[in-house]
Amino acid sequence: MRVATWNVNSIRARVDRVVDWLVREEVDVLAMQEIKCREDQFPLLAFTEAGYDVEIHGANQWNGVAFASRLPMDDVTRGFETMPGFGKPDAAGSLPLEARAMAVTVDGVRLWSLYVPNGRELGDPHYEYKLDWLNKLAVQTTEWLAAHPGVPLALMGDWNIAPLDSDVWDIRVFDGSTHVSEPERAAFAGFEALGLRDVVRERIPVGFTYWDYKQLRFPRNEGMRIDFIMGSEAFAELVTDASIHRNERKGTAPSDHVPVLVDLDIPIPDDDDRPMIF
DNA sequence: ATGACATATTCAATATGA
């Protein structure tokens, strides 16, 4: 089974590239982030014609996550129970919840698509929101792991954190910036403390997953590594290979992020055995 | 000094991104 994560930066602007890549790379399950549309706006047809079912969690022109899979998706959940909101409180005083997290189970593997809040600036309310969001997710993950011992779990997505200085092209440029601050790195390390680990880095130590559109960042290879697949021990044991698809940053109308993929030692049914989707 | 790029939305000017 081939499982991937990709911040697509608008699925409506990227649908052809995304579906082409899924088919070309024989991906079974894709976790998407920044789909930037509501469920009713999602370009479903291109996916279904290629044999993929889609589960969507979108709210408006910002954020939004989704899964595309050619294997059945079960136990679809949107958001998580203790997830904090952000923005203007409603009459009851609660903050709007953003579409940044959802999960599905495929072949007994629990998969999350995560779009961690950006943080904007150190000290910005959005920065506190980012740290709170991550810490609440870690607590939730702790509880889930305790309740589902031995079940493979992967938290996949755009973490908006560069855990190592070498995860940005020049750490000096990031002095005083988000993504590299100690509290963000501590929040990321909190997931490692739960027994999750970056199953891609242990196979691909070097390489970015994001390059800004501006300032010739990609031609200069001035990028960041911020998209990760954090697997539980049971998940990590299934991983046989990993890849970062840098070529998807090239060509016409790319996303600013590229796909990150793992191969799992889970046999999938032949095409002939798979139900047809029209 | 600032923007540079790309996406969304009340299609014009603004919000967001990292």
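Lettering follows sequence order; numbering is per chain, from 1.
Taking atom C1' on both nucleotides, B/dC11 is separated from B/dA15 by 15 Å, rounded to a whole Å. Using P as the reference atom, B/dC5 and B/dT10 are 26 Å apart when rounded to the nearest Å. B/dT16 and B/dT9 are spaced 15 Å apart, taking the P atom of each and rounding to whole Å. A gap of 29 Å separates the P atoms of B/dT2 and B/dA12, to the nearest Å. Using C1' as the reference atom, B/dA13 and B/dA1 are 22 Å apart when rounded to the nearest Å.
Taking all atoms of both residues into account, the shortest heavy-atom contact from A/Val8 to A/Arg14 is O-NE, 3.0 Å.
The aromatic ring centroids of A/Trp21 and A/Trp6 lie less than 6.0 Å from each other. Aromatic ring centres of A/Trp112 and A/Phe67: separated by at least 6.0 Å. Between A/His126 and A/Phe86, the gap from one ring centroid to the other is short of 6.0 Å.
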Full working for side chain to side chain contact (heavy atoms under 4.5 Å, CB included) between A/Tyr115 and A/Glu98: CA-CA 10 Å; A/Tyr115 180 43; A/Glu98 300 183 311; over 6 Å; no
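When the C1' atom of B/dA8 is taken as reference, atom CZ of A/Phe42 falls 16 Å away, rounded to whole Å. Rounded to an integer number of Å, the gap from A/Ile35 CD1 to B/dA8 P is 12 Å.
Under 4.0 Å is where a charged nitrogen must lie from a carboxylate oxygen, and between A/Arg2 and A/Asp28 no such pair does.
In this structure, A/Arg14 reaches the B/dT7 phosphate: one of its side-chain N or O atoms is under 4.0 Å from OP1 or OP2.
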Sugar-phosphate or base contact per nucleotide [nucleotides 12-18 of chain B; S, B, -; heavy atom under 4.0 Å]: ----SSB
